[in-house]
Asks: 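Take this structure first; my questions come after.
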Amino acid sequence: MIFIPLLGMIAVLLLPRESDELIKRVTLFFTLVPLAVAVALFISYDRSTAGTQYVVNVPWIQAFNIQYHIGIDGLSVTLLLLTALLGPICVIASWRNIEKGIKAYMALFLLLETGMLGFFVALDLFLFYVFFELTLLPMYFLIGIWGGPRREYAAIKFFLYTLFGSVLMLVAMIAVYLNSGALGARTSTEGNALNNLNFQIWVFLGFFIGFAVKVPIFPFHTWLPDAHVEAPTAISVILAGILLKMGTYGLVRINMSMFPQGLDFFCNGLALLGFINIVYGSFCALAQTDFKKLVAYSSIGHMGFVILGLSARNDSGITGAILQMFNHGVISAMLFLLVGVLYDRAHHREINGFGGLGTKMPVYTGITTLAFMASLGLPGLSGFVGEALSLLGAYDKFKMLTILSTIGIVIGAAYFLWTLQRVFLGTLNPKYEEIPEINGREILTLVPLGILTIVLGVWPNFAIDMFRESVTNLIDVLQAI
Amino acid sequence: MLPGRNVELYGGLLAVDGFGLFFKVFFLAIGIGIIAIALEYGKARLQHRGEFYGLLLFSILGMNLMAMSRELLTAYIALELLSFSLYVLVAYGLREARSNEAGIKYIIIGALSSAVMLYGLSNIYAALGTTYFSGIAAALSSPATDNPVLWVGLALLIVGLGFKLSAVPFHMWAPDAYEGAPLPVTAYLAIGSKAAAFALTLRLLAEAVAPAGDRWADWQLVIAVLSAVTMLVGNLVALAQSNLKRLMAYSSIGHVGYTLAGIAVLGDDFALAAKAVIFYLVVYAITNLIVFAGLASYYNSTGKDNIADLAGLADRQPFTAAVLAIGLFSLAGLPIFAGFTAKFYLFAAVADGGFLWLAGVAIFSSLVSLYYYLQVLRQIYIEPAAPESGTEGDAAAEHGGGHHDAEPEQDSLPVPMLPRPSITLSATMGVGVLAVIWLGIYPAPLLAVIEFASSAILPMG
C-alpha cells in the first residue's frame, strides 16, 4: 500500500506533459486507492490487542542487520488514515490552483505521499529514517518551485533545518546500532536492551532534536511560518496536517517507547517546552496580520498541547496527545484550505484588508466559523477533546504548568474570534463587492474534514478505541523502568 | 573472477587477487564511462584525439598496476604512469590558456610530490631493508626497527599519497587543475585517479602497516586528523565557489575526507572499514560520473561552466536536469540514493572503529555540503532561464521523455530549448541513475562482491 503512490508517480511521469486533466485524474486515482486500503485497515484492525498487525519483515541489508520491517499498531493506523485522507483532498485542492508544470507537481506529490505512508508503518530504524528523509526532497521542490514570493528562502530554510535535525537523528541511530548490534524490530510494544541511563539521555536528545525540528518545538520552530506562508495551499495542508505529526509520532514511537529512562530524565523539560509552545505560539498568532502566518503559529500552539500531553506519561495525557495529533491534522487542514480559498479570490492574505465578507460568502463564513471553533477548542467539536484530555493528564504531573497553559486556550479564542470579526463581520470592504462564493470543488475538500471534526467531537471513542491498547502498553513500558 | 586462487607475478611484485581484480574491473568501467563523456566533447573541442584516448589507456594501465602492486617501487612506477598521462591530459585544451596553466601547475606540484614520495620510499628501504609490503609488515612488527628514519619515510609517503588524493593540506593543485582541464579529464581526475590512489593506499596500509598493531594506532590518529581537516576545508570552501568545475573539485576534496576517515579506522574491525571504503569509492565514482555526464551534456550545448549559467536548466534540458538533481542529492547523502547508503556504511564503520568525533565531523560536513549542492539545484530548478524567458519561477516537467517544443502556454518569449544530450551521454546517465537508485535501495549484491575483494587483503587471511 505504501508504494501505490509510487506506482502512481511512475504512471504520471510517463504521461505526456500537456495532458493536464489526465494527469490530475490519474493522480487522484492513485491517492484514492491508498485511502480505500487505509479505511479497510481501519475497519479490520483488531482493537483488542496491542501488538503490531499486518507485519512484513524481510531481511534487507544483511551487513547491518537491517530488515524491511513494517507493521501497524493503533497509533500508526490512525495517522495512516489521516495521511491517506489528506492525499486526495490535497489533489482536489490543487486542481485549479497550479498553473504550470502540473506533471512535475503531481509526480512529486505522489512521491511525498509514498514517503509519508511508509514513515508511519516503518518499524526498522533505518527504514524509518529513509522514509523520514524521503519526504524532504519533494517538499523542497514543491515549496521552492510552486510557492510564493520568498519561496526559495523558505524552501532552503526548511530543507536545511530539517536535515540538521535528521543528521542528529542519524548520529543517534548509529549509536543505537553500535550498542545493540541491530537496527531492527523496534515496535512500541517491545522493551529494549539499552538500559544505561547515560546512553539513553544522549540518544534521546539526538532523536529528540531531530523530531523537535519537525514538530516544531520552540526554539526549533522558526522554519515553520516561512515554509507555511510560502508554500502553495495544498502543500501547506500536507505540511501542517501530516509532516508535523511525523515529528510527534517519532517522539512516541522512538523517544518514548525505546528510551523511557531518557524520557524520565527529560520529562520536566518536555513539559516546559510544551507550555512554551502553547503560550508563545498563541501570543505570536495574536500579533499576526497575515492570515496564513496566523494559522501557522496556531499550529505551533496546538502541537504544544501534544507535547504537554506526552510529557504527562499517563493514560489521559497520552491519549489526549494522540487524539490531538489526529484532530489537529484534520482541523489545520481545514484552516489552510480555507485560507487558500480566500487567497485564490483576493490574492492577498492581509486580515485587515478584508471586512464584512460574511454578507457575500455566507457558506464560506459558516465553514470557517466551524473550523475556528474547533481549533480554539469549543466543546462538541474534536479540538476540545484532545486538548482537554492532554490538559487533564498533564495536570496530574505538572499542576502549575497546566494551569498556565490554559492561557493559551484563552489567547487562541482571542485571535480566532478577532480574526472572525475582522474578516467576516462588520461593514463590507468595497473591494470585495463581487467576491465569488466558495465553489463546489472547495466544499468537496472541506466537507469530509468538517464531518470528522464534528463526529470526533461527540464520539471521540471512534478514534480512541484504535489506540487504547497501544497506549496502555506504552504506559506499561514507561512505568517499568 | 578467480575465487580463492591468488597468484603472484614477477616474484611477488604484483598480485592477481580478489582486490586487484575487483579494482581492475572498476577502473575499466570508469574508463568506459569517461570515454562516453569524452566522445562528443572531443569531436567538438579537442585536437589530436587519437593521443587523447591513447593516454587514457596508458593511465588506466597505470591504475590497474597500482591496485595490483605489492611492492613499493612497483607502486611508484604505476603511480607515475598514471600521473604523467594525467599531466598531459589536463593540458589537452591546447588553445585555452586555462588548460595550459592547469597543466603546468599540476605537473610542477605532481613532480614535487612524486619526489617527496620517492624520498620517503628510500627512507623506508634504508630503515627496513625491504620494499615488499609483506616484508615491511614483518619488519614493523618487531620493535627493533624503531627508527627515526622510518618515521620520516612513512610520513613522506603519506604526504606523497596525500598529494595524489588531494587531501588537505596537499590539495592546492586540485581546484586549478579541475577548472582548467577539459571536462572529461576533470571527470577522470575526480573519479579515476582518486579511486586508484585509494586502492593503492588501502592495499599499502592494509598489507604493510596495519599488521603492525600498536605502531599503526599512532598513525591512525594522524590520518584521522588529516581526514577531518580535508572534510572541513573541502566542504566549507566549496560554499564560496561560482564555477562548476571548481565546485566539483572542492566537493571531491570533501569526499576524499570522508574516505580517509574510513581508512583511518583500518584496525581491529578491519573488514568493515575496508568494505565501507571500497563501497564508498564505487558509489562516489558512479555518482560523480552521472554528475559530470550531466555537466558535459550542458557544456556541449552551451560552452558555459559557471553555476549561474545553469539557470533554468529544468526547462531547457529536463533529462539532464533530473540526472544532475539525482546525482547531487546522492552526493549530499539523501536516502534512497546510493550516497546515503555509502555514507551510512562508512560513518558506522568509523564510529565502530572508535573515532566517534570523526564520525561527528563527517556528518556535520555532509550537512554543509548539502547547502552548496542545493545552490546548484536552485539554479537549475527555481531560477528562471536566461533573459529570454521573463516569467518568474518557471517550473517544468522534471523528467524527460517529453517533447522539446517551446511551450506556447507561457505568455512570454519561449524558453530556448537546448538540444538533447547525445545517445552515449544519455545512455551513460540513464544507466548511472539506475545504478545510483539500485545501490541505494538494495546494495547487497555489490556488498557481496566487495566482501570478496576486501578479503584478499585482510591481514593474516
Side-chain angles (χ1 to χ4, degrees), chain A residues 9-10 12-18 20 23 59-64 66 68 98-105 107-108 111 115 126-127 129-134 136-137 140-149 151-152 155-156 159-160 163-164 166-168 170-171 173-175 177-178 183, chain B residues 272 275-276 279 314-315 318 322 325 329 332-337 340-341 343-345 347-348 350-352 356 359-360 363-364 366-368 370-371 374-375 377-378 381-383 391-403 405 407-410 440-444 447-448 450-451:
Chain A
M9 172 181 152
I10 299 180
V12 164
L13 288 175
L14 294 174
L15 292 175
R17 206 195 292 191
E18 284 77 24
D20 285 355
I23 291 178
W60 181 19
I61 301 179
Q62 307 288 53
F64 279 104
I66 296 175
Y68 177 77
I98 307 296
E99 312 289 323
K100 310 180 259 264
I102 266 277
K103 176 171 158 178
Y105 180 90
L108 285 168
L111 183 62
F126 186 80
L127 193 62
Y129 185 79
V130 168
F131 278 119
F132 190 71
E133 297 280 292
L134 188 57
L136 289 186
L137 209 158
Y140 172 72
F141 285 115
L142 286 168
I143 298 180
I145 302 183
W146 287 276
R151 57 187 181 272
E152 298 170 32
I156 291 195
F159 203 169
L160 285 177
L163 199 75
F164 165 72
S166 309
V167 299
L168 280 172
L170 184 64
V171 173
M173 209 165 91
I174 294 182
Y177 168 69
L178 290 177
L183 279 174
Chain B
L272 185 63
K275 277 188 295 193
F279 184 56
D315 297 328
F329 275 130
L334 246 52
I336 77 161
F337 298 125
F340 169 69
T341 317
K343 279 196 176 154
F344 178 75
Y345 209 151
F347 297 160
V350 170
D352 199 35
L356 279 167
I363 293 182
F364 170 70
S366 205
L367 179 64
V368 170
L370 178 70
Y371 183 73
L374 271 182
Q375 294 298 40
L377 286 169
R378 190 173 68 104
Y381 278 100
I382 303 182
E383 292 294 325
T391 52
E392 52 170 48
D394 296 350
E398 201 189 10
H399 294 266
H403 323 291
D405 319 314
E407 303 176 20
E409 64 254 26
Q410 293 176 354
I441 301 179
Y442 189 54
L447 285 175
I450 292 178
E451 170 99 41

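Owing to the predicted nature of the structure, the values given are computational and were not obtained by experimental measurement.
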Asks: So, Phe340(B) versus Tyr129(A), ring centres under 6.0 angstrom or not?
Replies: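 They qualify: ring centres under 6.0 Å apart.
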Asks: If the condition is ring-ring contact (aromatic ring centres under 6.0 Å, His included), which residues does Tyr140(A) pass it with, not counting sequence neighbours?
Replies: Phe159(A)
Asks: Look up atom CD in Glu133(A) and atom CZ in Phe329(B), then write down how far apart they are to the nearest 0.5 Å.
Replies: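 Rounded to the nearest 0.5 Å, the CD-CZ separation comes to 11.0 Å.
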Asks: Below 4.5 Å, heavy-atom pairs only: which of Leu374(B), Leu377(B), Leu334(B) has the largest tally toward chain A?
Replies: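 Top count of heavy-atom pairs under 4.5 Å with chain A: Leu374(B).
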Asks: What part of Glu451(B) lies closer than 4.5 angstrom to a heavy atom of chain A: side chain, backbone, both or neither?
Replies: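 Contact with chain A involves no heavy atom of Glu451(B) at all.
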Asks: Is Ala359(B) close to chain A through its backbone or its side chain, or both, or neither, when contacts mean heavy atoms under 4.5 Å?
Replies: neither
Asks: Within the structure provided, determine whether Ile156(A) and Tyr371(B) are in side-chain contact (heavy-atom separation under 4.5 Å).
Replies: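 Yes, at least one pair of side-chain atoms sits under 4.5 Å.
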Asks: If I take atom CG from residue Leu367(B) and atom CG from residue Leu160(A), how far apart are they, to the nearest 0.5 angstrom?
Replies: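 One gets 6.5 Å once the value is rounded to the nearest 0.5 Å.
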Asks: With a 4.5 Å limit on heavy-atom distance, are the side chains of Lys343(B) and Leu170(A) in contact?
Replies: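 SC-SC contact between Lys343(B) and Leu170(A) ruled out.
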Asks: Could you work out, with side chain to side chain contact (heavy atoms under 4.5 Å, CB included) as the rule, every residue matching Ile336(B), not counting sequence neighbours?
Replies: Val130(A), Leu134(A)
Asks: Quick one: does Tyr381(B)'s side chain get under 4.5 Å of Ile145(A)'s, heavy atoms only?
Replies: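 They are in contact (side-chain heavy atoms under 4.5 Å apart), so the answer is yes.
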Asks: Flag the pair Phe364(B) / Phe164(A) as yes when their ring centroid distance falls below 6.0 Å, and as no otherwise.
Replies: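 For Phe364(B) and Phe164(A), the ring centres are not under 6.0 Å apart.
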